[in-house]
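Naming convention: chains lettered A, B, ... in sequence-line order (proteins, then strands); numbering from 1 in each chain. The figures that follow rest on heavy atoms only: side chains count, while hydrogens, waters and symmetry mates do not. If you're wondering where the values come from, they're calculated on a predicted model, not measured in any experiment.
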2 protein chains.
Amino acid sequence: MADAPGGENLLYLTDEQLRKGIEAMFFAYRGFTADPDRILEGMNYGRAHHRAIHFIHRSPGTTVSNLLSILGVTKQSLNRVLRTLIDDGLVRSEKGKTDARERHLFLTEKGVALERELSDAQRARMRAAYRAAGPAAVAGFRQVLEAMMDPEMRRQYNRLKEGG
Amino acid sequence: MADAPGGENLLYLTDEQLRKGIEAMFFAYRGFTADPDRILEGMNYGRAHHRAIHFIHRSPGTTVSNLLSILGVTKQSLNRVLRTLIDDGLVRSEKGKTDARERHLFLTEKGVALERELSDAQRARMRAAYRAAGPAAVAGFRQVLEAMMDPEMRRQYNRLKEGG
DNA sequence: GAATTTACGTCAGCCTTGTTGACTTTCCAA
DNA sequence: TTGGAAAGTCAACAAGGCTGACGTAAATTC
């Protein structure tokens with residue numbers, strides 16, 4: 001075993017190890033989205049709707065611009081999705097009280113029901129994976145993912161974490 | 001601390017922990033693809049081209065149908081991407097010797113160069129994340145991702161692992 | 001009070017990347 | 001020799017990104 005000058009074993013940083021990690025991310029993300037995708041297909045919604053629903057559920061009353069910065073898309077793109085969700089009665093949009101330019105977003109009962117269905121499916125897979133891997137692996141999993149984020153995204157992620 | 005009947009602490013399986021994992025996957029995947037996306041933007045290619053290039057590099061001489069099953073898209077979708085890569089001289093397609101129906105795919109020098117550029121960027125981020133998290137965390141990371149895959153994808157992933 | 005900025009919505013058009021369906025060509029194997 | 005598999009192609013369509021331009025209402029600043 002070749003150790004680094006500092007004494008730390010760096011075999012886990014070889015290109016081969018990194019490539020395995022890259023491929024693991026690719027295949028795992030497919031699994032990660034597979035169940036919600038299956039539920040949404042055929043009901044006129046897609047992954048974009050799922051993301052909006054998730055974060056509105058997560059932060060009820062969030063504004064459009066806040067959602068924009070979390071999702072990292074243009075307002076035109078988000079608006080198209082939000083429009084259908086509002087028209088279909090899954091999301092409610094409320095004019096702000098202190099700042100009437102803002103729109104605060106909430107899930108309706110119907111929206112909550114779909115969110116539940118989607119997140120139940122996604123959590124079930126996550127739970128199975130967590131259970132199979134064990135608590136120590138889960139801690140490592142989260143550490144690596146967090147380190148992989150762009151700083152701005154890490155801020156968003158941590159802001160959500162605190163809030164929850 | 002509430003332990004499970006079996007004596008195992010299951011706090012890491014709470015809905016809250018699972019939700020954090022879900023959000024971590026979402027934000028981390030954005031970071032994961034950000035650097036290659038940046039390189040590809042403006043040069044007529046997208047993530048689909050990156051994926052094709054990656055797996056052709058990974059398994060030189062792979063057939064179209066093998067690539068299809070790895071990427072999980074339709075042949076029409078893959079063909080469009082492959083067409084532009086072949087036309088632009090990044091990929092070479094060779095009629096099979098033992099089975100002439102098959103097309104074996106290889107990267108040209110130009111293709112290898114782009115693959116290198118893309119994977120260098122992606123590996124750099126991965127390496128930074130791995131280094132920040134440490135070897136134990138990396139092992140856990142890979143364990144959880146592997147457990148999250150669909151069985152068929154896990155087979156693909158492991159086949160690639162052995163090969164490499 | 002007027003001008004500017006901010007938050008949001010919307011129209012129009014474009015691109016990538018996914019889909020289905022229909023069809024042809026090539027070639028292996030029964 | 002014929003059926004079926006592998007590959008490629010054409011056409012059409014949808015989701016969901018993007019840019020640019022424009023409008024409106026409300027807040028802020030000058």
Whole-Å distance separating the [atom1] atom of [X] from the [atom2] atom of [N]:
| X | N | atom1 | atom2 | result |
| --- | --- | --- | --- | --- |
| B:N66 | D:dA5 | CG | P | 19 Å |
| B:R103 | D:dT9 | CZ | C1' | 13 Å |
| B:L40 | D:dC18 | CG | P | 16 Å |

Q.
Students should find this one: the first and last nucleotides of DNA chain C, 5' to 3', lying under 4.0 Å from a heavy atom of chain A. What are they?
A.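 First-to-last contact on DNA chain C, by the 4.0 Å heavy-atom rule, is C:dT6 to C:dC11.
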Test salt bridge (charged side-chain N to carboxylate O under 4.0 Å, His left out) applied to [X] - qualifying residues, sequence neighbours left out:
| X | answer |
| --- | --- |
| B:R116 | none |
| B:R127 | A:D15 |
| A:E117 | none |
| B:E94 | B:R92 |

Table please: side-chain donor-acceptor pairs of residues 78-89 of chain B below 3.5 Å, with sequence neighbours left out.
from  : atom 1 : to    : atom 2 : distance (Å)
B:R83 : NH2    : B:D87 : OD1    : 3.4
B:T84 : OG1    : B:H49 : NE2    : 3.3
B:T84 : OG1    : B:V81 : O      : 2.9
B:D88 : OD2    : B:Y45 : OH     : 2.4

Going by atom type alone, with no hydrogens or angles, which donor-acceptor pairs under 3.5 Å involve a side-chain atom of residues 133-149 of chain B and a protein atom two or more places apart or on another chain?
from   : atom 1 : to     : atom 2 : distance (Å)
B:R142 : NE     : B:Y157 : OH     : 3.2
B:R142 : NH1    : A:Q17  : OE1    : 3.3

With a cut-off of 3.5 Å and sequence neighbours excluded, list every side-chain donor-acceptor pair involving residues 61-71 of chain B.
from  : atom 1 : to     : atom 2 : distance (Å)
B:T62 : OG1    : B:N66  : ND2    : 2.5
B:T63 : OG1    : B:S65  : OG     : 3.4
B:T63 : OG1    : B:N66  : N      : 3.1
B:S69 : OG     : B:N66  : O      : 2.9
B:S69 : OG     : B:Q156 : NE2    : 3.1

(Q) Judged by each residue's nearest nucleotide on DNA chain D, which is more toward the 5′ side, B:T63 or A:A48? (A)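 Nearer the 5' end of the strand: B:T63.
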Q) Going by heavy atoms closer than 4.0 Å, what residues in residues 78-93 of chain B are next to DNA chain D? A)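 Correct list: B:N79, B:R83.
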Q: With a 4.0 Å heavy-atom cut-off, tell me which residues in residues 25-33 of chain B come close to DNA chain D, sorted by residue number.
A: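 Correct list: empty, so none.
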Q. Can you tell which of A:K97, A:R101, A:K95 makes a side-chain hydrogen bond (donor to acceptor under 3.5 Å, both in side chains) with A:D99?
A. A:R101
Q: Find the distance between CE (B:M25) and CZ (B:F32) and round it off to the nearest 0.5 Å.
A: 9.5 Å
Q | Atom pair CD/NE2 of A:E115 and A:H50 - distance to nearest 0.5 Å | A |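 Rounded to the nearest 0.5 Å, the CD-NE2 separation comes out at 7.0 Å.
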Q | B/S/- contact track for nucleotides 23-30 of chain D, protein heavy atom under 4.0 Å | A | ---BS---
Q. Under 3.5 Å, side chain of B:T33 to main-chain N/O of B:R30, donor-acceptor pair present?
A.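 Yes, B:T33 side chain to B:R30 backbone: donor-acceptor pair under 3.5 Å.
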(Q) Measuring to OP1 and OP2 of D:dA7, would you say a side-chain N or O of B:S65 lies under 4.0 angstrom away? (A)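 Yes, B:S65 has a side-chain N/O under 4.0 Å of OP1/OP2 on D:dA7.
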Q.
For a quick check of understanding: with a heavy-atom distance under 4.0 Å over all strands, which category does B:H49 fall into, base, sugar-phosphate or nothing?
A. sugar-phosphate
Q | Pairing residues for B:H54 by the side-chain hydrogen bond (donor to acceptor under 3.5 Å, both in side chains) criterion, not counting sequence neighbours | A |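 Checked B:H54 against side-chain hydrogen bond (donor to acceptor under 3.5 Å, both in side chains); matches are A:E23.
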Q | Lys/Arg-Asp/Glu bridge criterion (N-O < 4.0 Å) met for A:D150, B:R125 | A |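 A salt bridge links A:D150 with B:R125.
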(Q) Reading DNA chain C from 5' onward, which residue's closest nucleotide shows up sooner: A:Q76 or A:E102? (A)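 Between the two, 5'-proximity favours A:E102.
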